[in-house]
Amino acid sequence: MYTLETLKQRLKEIEQMGYIPTHRSGPTGIGKTLEDLLGINENNIAGADLGDLGELKSCRNNQTSMITLFTKSPKPPRVNGILLNTYGYVDPRRDSRKILHSTVSGTSYNTVNGTPYGFKVEVVGDRLYLKSNFPQQVTAYWEKEDLKKAFEKKLPKLIFVKANCKGTGRNEEFHFVEAYQLSGFSFKNFEELINRGIIKIDIRIGQYPDGRTHDHGTAFRIMNNQIHLCFAHRIKLL
DNA sequence: GGTACCTGGAT
DNA sequence: CATCCAGGTAC
């Protein structure tokens, strides 16, 4: 495991390697490539990759995208499948099973797939409810306590690495050029940012290439250019 | 084999 | 800004 100093050294080595071919095609290639370079085994453990140093995040420079803080499915169990069946729509490119992608805010209802209907998130007591204005209602919610646990597992600190990129698909390459350790993000602040619509809840249910349903996980996300709103402190590592 | 996590986007 | 989307694994 790294210390802050050995991590800084390794990041410098990686920077000096220049452009590095992606280890996986598609959006997730940058994260997989960086994990490999740092010797982190791919995992789906709900915890910080770098232990006390924080959770590892990476993104491409000059591109606007959202950072996933953590994923947490709503309750009750398997309700994502019900949401998919109830509100999903057929992917016109595949014309098979339903998919459901929707970025939900705390401030107002969104719209889903060109319909007049959508979702918003609303705090009621100890829960966050996924509310909808669709004619058909489904009850889905998160316990604040569950979110607090997920939050505290991953987000006390965060290692944020940026790369210049060129090429596309399997031929994409990354030059990791900038890195920070961010800290000082409280759950109270997290709740506040959800209420203000800064942190959004992203429902991401798509399909595998063979047409099977692929739930990428319901994510709590923020635009990468607003990540500074979460953390009080920042240390430059590269 | 479905569910719930991991890693990230384009327009 | 919002709407809609991507490739992986453990169990």
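Below, chains carry the letters A, B, ... as their sequence lines are ordered, and counting in each starts from 1.
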Inset, instruction - Quick one: label A:Lys154 by what it contacts on the DNA or RNA (base, sugar-phosphate, nothing), any heavy atom closer than 4.0 Å. - result: sugar-phosphate

Inset, instruction - Measure from the side-chain heavy atoms of A:Arg78 and tell me the nearest of B:dG9, B:dT3, B:dC6. - result: B:dT3

Legend entry - Range on DNA chain C touched by chain A, heavy atoms, distance below 4.0 Å: C:dA2 to C:dA10

Legend entry - A:Glu35, A:Glu42, A:Glu172 screened by salt bridge (charged side-chain N to carboxylate O under 4.0 Å, His left out) with A:Arg24, the one that passes: A:Glu42

Inset, instruction - Mark yes or no for a side-chain to base donor-acceptor pair under 3.5 Å between A:Arg60 and B:dT7, with no hydrogen or angle criteria applied. - result: no

Inset, instruction - Look at all strands and tell whether A:Gly217 reaches a base, only sugar-phosphate, or nothing, counting heavy atoms closer than 4.0 Å. - result: base

Legend entry - Whole-Å gap separating C1' (B:dC6) and CG (A:Asp202): 15 Å

Legend entry - Between NE2 on residue A:His233 and NZ on residue A:Lys157, distance to nearest 0.5 Å: 10.0 Å

Inset, instruction - Please report, rounded to the nearest Å, how far the P atom of B:dT7 is from the CG atom of A:Asp36. - result: 13 Å

Inset, instruction - Return the residues of residues 107-121 of chain A meeting this criterion: a heavy atom under 4.0 Å from some atom of DNA chain C. Order them by number, or give none. - result: A:Asn110, A:Thr111, A:Val112, A:Asn113, A:Gly114

Inset, instruction - Could you tell me whether the phosphate oxygens of B:dG8, OP1 or OP2, come under 4.0 Å of any side-chain nitrogen or oxygen in A:Thr28? - result: no

Inset, instruction - Identify, between A:Thr103 and A:Thr71, the residue whose nearest nucleotide on DNA chain B lies closer to the 5' end. - result: A:Thr71

Inset, instruction - Working to the nearest 0.5 Å, report the span between CG of A:Leu50 and CG of A:Leu56. - result: 5.5 Å

Legend entry - A:Ser73, nearest nucleotide to its side chain (from B:dC6, B:dC5, B:dG8): B:dC5

Inset, instruction - Would you classify A:Arg221 as touching base, sugar-phosphate or nothing, given that sugar-phosphate means primed atoms plus P, OP1 and OP2, and contacts are heavy atoms under 4.0 Å? - result: base

Legend entry - Side-chain donor/acceptor contact of A:Arg204 with base of B:dG8 under 3.5 Å: yes

Legend entry - B:dT3 phosphate, OP1 or OP2, under 4.0 Å from A:Lys72 side-chain N/O: no

Inset, instruction - For A:Lys75 and A:Pro77, indicate whether the former's side chain and the latter's backbone hold a donor-acceptor pair under 3.5 Å. - result: no

Legend entry - Taking every non-hydrogen atom, the tightest pair across A:Ser102 and A:Phe119: OG-CD1, 3.5 Å

Inset, instruction - Let me know the distance between OH of A:Tyr208 and P of B:dT3, rounded to the nearest Å. - result: 12 Å

Legend entry - Selection from B:dT11, B:dT7, B:dG8 that lies nearest to any side-chain heavy atom of A:Ser58: B:dG8

Inset, instruction - For A:Ile45, report the nucleic acid contact type (base, sugar-phosphate, nothing); a contact means any heavy atom under 4.0 Å. - result: sugar-phosphate

Legend entry - Residue whose nearest DNA chain C nucleotide is more 5′ - A:Ile99 or A:Arg24: A:Ile99

Legend entry - Distance below 4.0 Å between A:Gln63 side-chain N/O and B:dA10 OP1 or OP2: yes

Inset, instruction - Any chance you could measure A:Ile194, atom CD1, to A:Arg196, atom CZ, to the nearest 0.5 Å? - result: 12.5 Å

Inset, instruction - Tell me what A:Asp215 touches on the nucleic acid: a base, only sugar-phosphate, or nothing, going by heavy atoms under 4.0 Å. - result: base

Inset, instruction - On the 0 to 90° scale, with breaks at 30° and 60°, tag the A:Phe190-A:Phe187 ring pair as parallel, tilted or perpendicular. - result: parallel

Legend entry - A:His216 NE2 to B:dT7 P, straight-line distance once rounded to whole Å: 15 Å

Inset, instruction - Calculate the interatomic distance between A:Glu172 atom CD and B:dT7 atom P; express it in whole Å. - result: 18 Å

Inset, instruction - May I have the distance from A:Asn62 (atom CG) to B:dG9 (atom P), rounded to whole angstrom? - result: 12 Å

Inset, instruction - Step through it carefully: locate the ring centre of A:Phe220, locate the ring centre of A:Phe151, and say whether they are under 6.0 Å apart. - result: no

Inset, instruction - Look only at the side chain of A:Lys98 and the backbone of A:Asn85, and say whether a donor-acceptor pair between them is shorter than 3.5 Å. - result: yes

Inset, instruction - Indicate the atoms forming the closest heavy-atom contact of A:Gln226 with A:Ile198, along with that distance. - result: OE1-CG2, 3.9 Å

Legend entry - First encountered from the 5' end of DNA chain B, between A:Thr68 and A:Gly81: A:Gly81

Legend entry - Atom pair distance, as rounded to whole Å: CD1 in A:Ile30 and P in B:dA10: 10 Å

Legend entry - Short side-chain to backbone donor-acceptor contact, A:Tyr87 and A:Gln136, under 3.5 Å: yes

Inset, instruction - Nearest whole angstrom, please: distance from the C1' of B:dG8 to the CD1 of A:Ile222. - result: 16 Å

Inset, instruction - Give A:Ser25 one of three labels, base, sugar-phosphate or nothing, depending on what nucleic acid heavy atoms sit under 4.0 Å from its own. - result: sugar-phosphate

